[in-house]
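Here is the structure we will look at, set down as structure tokens.
Chain identifiers are assigned alphabetically (A, B, ...) following the order of the sequence lines, protein sequences preceding nucleic acid strands; residue numbering begins at 1 within each chain.
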Amino acid sequence: MSLYQRFSAHVADALAALTAAGDLPAGLDTRAVTVEPPRDPTHGDLATNAAMVLARPSGMKPRDIAIMLAQKLARLPDIEAAEVAGPGFINLTLRPDVWRAELRHIAAEASDYGRSTMGADHRVNVEYVSANPTGPMHMGHCRGAVVGDALASVLAYAGYGVTREYYINDAGGQVDTLARSAHLRYREALGETIAIPEGFYPGDYLVPVGEALARDHGDRYVGAPEAEWLALFRRETVALMMIRIREDLKLLGIEQDVYFSEASLGNRVQEALETLDAKGLIYEGVLEAPKGETAEDWEPRPQTLFRASRFGDDSDRAMKKSDGSWTYFAGDVAYHWDKLARGYDALVDMFGADHGGYVKRMQAAVKALSDGKVPLDIKIVQMVKLLRAGEPVKMSKRSGNFVTLADVVDEVGKDVVRFIMLTKRSDSQLDFDFAKVVEQSRDNPVFYVQYAHARIASARRKAVEAGIVLPDPDFALLDDTDLALVKAAAQWPRIVEQAAEAREPHRIAFYLGDLAAAFHTHWNLGNDDPQRRLVLADNPALTAARLALADAVGQVIRNGLSVMGVEAANELH
RNA sequence: GCGCCCGUAGCUCAGUUGGAUAGAGCGCGGGACUUCUAAUCCUGAGGCCGCAGGUUCGAAUCCUGCCGGGCGCACCA
């Protein structure tokens with residue numbers, strides 16, 4: 001039980017006692033009662049809004065409730081002061097020993113400090129990346145990959161059962177184009193001089209694919225009609241591309257649990273359609289022409305439609321094209337139907353910004369298929385603008401000349417890429433400047449956090465080098481200035497729960513920045529006052545206590561970084 | 001025309017899901033330090049939270065309507 005949960009329970013107990021004594025009416029709804037650290041630290045360590053929330057339903061004045069509640073809370077041994085403030089807040093100041101105990105708690109829990117049970121008994125499927133297997137990973141995929149992966153980690157850390165999943169779009173026309181492009185490279189590998197026509201994939205990455213195909217099949221398919229090789233080339237090329245993609249993802253430390261092939265859906269598409277049909281949600285019809293800009297080639301066509309508009313979408317959506325073949329959407333419906341069948345309590349999809357228009361129909365489908373029981377949360381990930389010392393990096397998709405994920409990881413490192421991708425809310429645009437992200441300065445949050453961790457490690461090294469014999473730490477030696485650091489570290493369990501609840505992993509990065517700042521501030525006190533330094537050669541007892549304090553901060557930084565998929569450094573170069 | 005996202009300090013962004021006097025970094029003003037706990041630090045100024053209403057004890061946060069920016073708008077994936 002975290003510190004916050006403990007005091008939450010104290011407040012609940014106090015309210016129950018007041019109710020039992022007849023000071024509060026029975027049956028009050030206390031769900032809106034919160035116990036949180038106030039924004040302004042001068043207001044104490046914790047504050048509760050209980051009196052204000054309960055004023056109306058109890059027909060009492062907030063201050064009257066607050067005074068009664070504060071008196072009860074003030075009697076608790078862990079609480080130094082309980083004061084009524086403002087419109088009816090109760091500000092709680094905890095005894096310093098509470099923070100000393102928390103310090104022991106951090107040390108004891110170590111890498112588990114901050115883990116939560118909030119997600120126990122809940123299984124969540126997080127689908128991310130899901131890049132088309134038509135080329136290696138480039139930077140466009142990178143952010144969704146990192147954010148999705150970190151989100152999955154946050155949820156796991158918060159106790160959810162998490163499946164990390166990748167949907168392979170290996171069934172559409174793009175994959176045929178890929179197979180044809182690979183066939184060209186195959187002929188090239190056998191000695192032909194080829195020209196790559198417009199509309200084919202021109203990238204060099206298909207050269208080794210062509211070589212592999214040539215190795216495996218000889219010249220059997222050189223002059224053969226497409227029907228003889230297309231399916232084979234499609235399958236083998238996709239398989240090779242997926243190997244490549246998984247290697248790329250591994251460079252970022254990402255390994256997903258399930259790689260789900262669209263092509264493997266088979267008759268599940270039909271089954272999903274029938275499931276919807278049984279609910280009366282499928283019909284043959286003609287969609288209205290889109291308003292506004294008149295599409296030049298629009299004409300009314302009868303299609304098999306899903307009544308998405310009943311579930312909040314703007315329009316009904318086609319499951320089958322006018323020629324009777326499945327739409328991409330139909331496959332995705334079947335895929336989500338499959339996920340539902342696997343028994344998840346919640347689904348999360350990461351979408352690129354350009355797929356924003358797809359959100360409502362997907363949610364409509366899941367709502368329809370699960371009878372509204374399983375929420376589908378779709379997170380939109382905005383573009384990353386690549387810069388080099390302030391100048392935009394030029395990319396041309398046509399020539400196949402894009403910045404690959406592998407190149408970027410190679411240049412700046414996995415940890416930098418991952419951290420930077422989490423330094424902003426995922427639905428806002430992000431600048432990624434190759435120069436800035438490796439800069440060693442206060443401006444660079446990666447460095448700033450790593451530097452704090454490295455300083456902590458170096459302080460202990462220094463104590464050892466100085467030959468200081470450290471006794472067991474006695475936290476009674478720590479004063480309020482030291483304990484302020486514990487308060488910052490003790491926020492971690494809350495941050496985990498908030499990030500999981502909001503499904504916003506960037507909160508971890510922001511928190512670590514704050515925690516690092518608190519540590520650096522504490523460290524800097526030693527500049528003016530040598531007695532405030534962590535390592536004091538003439539005071540082994542205080543050194544031991546301060547180093548243990550620093551270790552606790554280091555532990556929390558490590559825990560946070562590990563959720564982000566970033567390694568903590570013990571020294572920087 | 002419709003839908004979604006966004007609008008917070010000069011700039012880049014946070015903002016504990018409705019809490020108290022709205023925060024951080026950069027930049028700007030002032031100061032400290034000639035060092036190794038300075039790969040800086042302290043401090044100050046800077047705000048109509050796009051605008052106008054509404055909901056309530058209380059709104060940057062929720063609702064409505066405008067204004068401004070981005071994205072998407074039948075069979076592609």
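- Nearest nucleotide to the side chain of A/Pro38, out of B/rA20, B/rA77, B/rG15: B/rA20.
- Judged by closest nucleotide on RNA chain B, A/Trp523 is the one of A/Trp523 and A/Lys320 placed further toward the 5' end.
- Comparing B/rG15 with B/rG23, their P atoms are spaced 15 Å from each other, to the whole Å.
- Taking syn as a glycosidic angle within 90° of 0, B/rU55 does not qualify and is anti.
- At the heavy-atom level, A/Ala502 lies under 4.0 Å from base atoms of the strands shown.
- When the nucleotides B/rA39, B/rA20, B/rG15 are ranked by their closest atom to the side chain of A/Arg455, B/rA39 comes out on top.
- No cation-pi contact links A/Arg180 to A/Phe233, judged by a cut-off of 6.0 Å to the six-membered ring centre and 45° from its axis.
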Tabulated below should be each protein N or O lying under 3.5 Å from an N or O of nucleotides 57-60 of chain B; please produce it.
from	atom 1	to	atom 2	distance (Å)
B/rC57	OP1	A/Arg56	NE	2.8
B/rC57	OP1	A/Arg56	NH2	2.4
B/rC57	OP2	A/Arg56	NH2	2.4

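- Between A/Met52 and A/Phe89, the closest side-chain pair of non-hydrogen atoms falls below 4.5 Å.
- For the P atoms, the distance linking B/rG72 with B/rG10 amounts to 31 Å, nearest Å.
- An OP1 or OP2 oxygen of B/rG72 is reached within less than 4.0 angstrom by no side-chain nitrogen or oxygen of A/Tyr358.
- Proximity note for A/Asn524 (side chain, C-beta onward) versus B/rG15, B/rA77, B/rC41: the nearest is B/rC41.
- Of all the residues in residues 508-518 of chain A, A/Phe510 reach under 4.0 Å from RNA chain B with at least one non-hydrogen atom.
- Mapping A/Gln174 and A/Glu504 onto RNA chain B by nearest heavy atom places A/Glu504 at the nucleotide closer to the 5' end.
- With hydrogens and angles ignored, the 3.5 Å screen pairs a side-chain donor or acceptor of A/Gln363 with a backbone N or O of A/Leu376.
- Comparing B/rA9 with B/rA45, their C1' atoms sit 11 Å apart, to the nearest whole Å.
- Salt-bridge check for A/Arg460 with A/Asp551: passed, with a basic side-chain N closer than 4.0 Å to an acidic carboxylate O.
- Atom CG in A/Asn91 sits about 12 Å away from atom P in B/rA20, given to the nearest Å.
- Between the P atom of B/rA77 and the CZ atom of A/Arg234 lies a distance of 12 Å, rounded to the nearest Å.
- Residue A/Lys487 qualifies as enclosed at atom NZ: its count of foreign heavy atoms under 6.0 Å is above 12.
- Between B/rC6 and B/rC62, the two P atoms lie 9 Å apart (nearest whole Å).
- At least one test fails for A/Lys321 against the ring of A/Trp326: distance under 6.0 Å to the centre or angle within 45° of the axis.
- Comparing the same atom, P, in B/rC11 and in B/rG47 gives a spacing of 13 Å after rounding to whole Å.
- Atom CZ of A/Arg461 is separated from atom C1' of B/rU37 by 14 Å (rounded to the nearest Å).
- Counting to the nearest Å, the P atom of B/rC73 and the CG atom of A/Leu287 are 15 Å from each other.
- Remark: ring of A/Phe89 stacked against base of B/rA20; centroid gap under 5.5 Å, plane tilt under 30°.
- The salt bridge (charged side-chain N to carboxylate O under 4.0 Å, His left out) search around A/Lys379 returns none, not counting sequence neighbours.
- Using a 4.5 Å heavy-atom cutoff, the side chains of A/Pro37 and A/Tyr4 are in contact.
- For A/Lys360, the side chain to side chain contact (heavy atoms under 4.5 Å, CB included) partners two or more places apart in sequence, or in a different chain, are A/Asp313, A/Asp314.
- Classified by interplanar angle (parallel below 30°, tilted 30° to 60°, perpendicular above 60°), the ring pair A/His138/A/His141 is tilted.
- Residue A/His355 and nucleotide B/rG72 are not classified as a stacked aromatic pair, given the requirement of ring centres less than 5.5 Å apart at an interplanar angle below 30°.
- If you check every strand for non-hydrogen atoms under 4.0 Å, A/Ser315 touches nothing.
- Residue A/Asp443 has its side chain nearest to B/rC26 when only B/rA14, B/rC26, B/rA39 are considered.
- A/Asp482 places a side-chain N or O within donor-acceptor distance of the main-chain N or O of A/Asp479, the cut-off being under 3.5 Å.
- Around CE of A/Met118, the count of heavy atoms belonging to other residues, nucleotides or ligands within 6.0 Å exceeds 12.
- If you take CZ of A/Arg361 and C1' of B/rC2, they are 14 Å apart, rounded to a whole angstrom.
- For B/rA52 and B/rA60, the P atoms lie 13 Å apart once the distance is rounded to whole Å.
- As a whole-Å value, the separation of A/Arg442 CZ from B/rG27 P is 11 Å.
- Across the protein-nucleic acid pair, A/Tyr201 atom OH and B/rA77 atom P stand 11 Å apart, rounded to whole Å.
- Contact annotation for A/Ser322: base contact, defined as any heavy-atom pair under 4.0 Å involving a base atom.
- Inspection of the A/Asp316 and A/Tyr283 side chains reveals an N or O donor paired with an N or O acceptor under 3.5 Å.
- When heavy atoms are screened at a 4.0 angstrom cut-off, A/Ala47 is found touching base atoms of the nucleic acid.
- When heavy atoms are screened at a 4.0 angstrom cut-off, A/Phe329 is found touching no nucleic acid atom at all.
- Rounded to whole Å, the separation between the C1' atoms of B/rC49 and B/rA14 comes to 13 Å.
- B/rC26 sits 13 Å from B/rU43 when the P atoms are compared, rounded to a whole Å.
- Considering only side-chain atoms of A/Asn132, the nucleotide from B/rU40, B/rA77, B/rU17 that sits closest is B/rA77.
- Helical stems of RNA chain B (runs of at least 3 Watson-Crick or G-U pairs, donor-acceptor distances under 3.5 Å) are listed by first residue: B:1-5 with B:69-73, B:10-13 with B:23-26, B:28-32 with B:40-44, B:50-54 with B:62-66.
- Using cut-offs of 30° and 60° on the angle between ring planes, the pair A/Phe351 and A/Tyr358 is tilted.
- The residue A/Ala85 sits close to a base: some heavy atom pair falls under 4.0 Å.
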What N/O pairs connect the protein and nucleotides 3-5 of chain B at under 3.5 Å? Give each pair on its own line.
from	atom 1	to	atom 2	distance (Å)
B/rG3	O3'	A/Lys360	NZ	3.0
B/rG3	O2'	A/Lys360	NZ	2.9

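- Between A/Glu127 and A/Lys339 there is a salt bridge, since at least one side-chain N of the basic residue sits less than 4.0 Å from a carboxylate O of the acidic one.
- Among the heavy atoms of the strands, none lies under 4.0 Å from A/Val175.
- With hydrogens and angles ignored, the 3.5 Å screen pairs no side-chain donor or acceptor of A/His522 with any backbone N or O of A/Ala550.
- A/Phe306 and A/Phe311 have parallel rings, their planes meeting at less than 30° on a 0 to 90° scale where 60° marks the start of perpendicular.
- If you take NZ of A/Lys436 and P of B/rA39, they are 22 Å apart, rounded to a whole angstrom.
- Salt bridge absent: A/Arg317 and A/Asp332 never bring a charged side-chain N and a carboxylate O closer than 4.0 Å.
- Residue A/Gln363 is classed as having no contact, given no heavy-atom separation below 4.0 Å to the nucleic acid.
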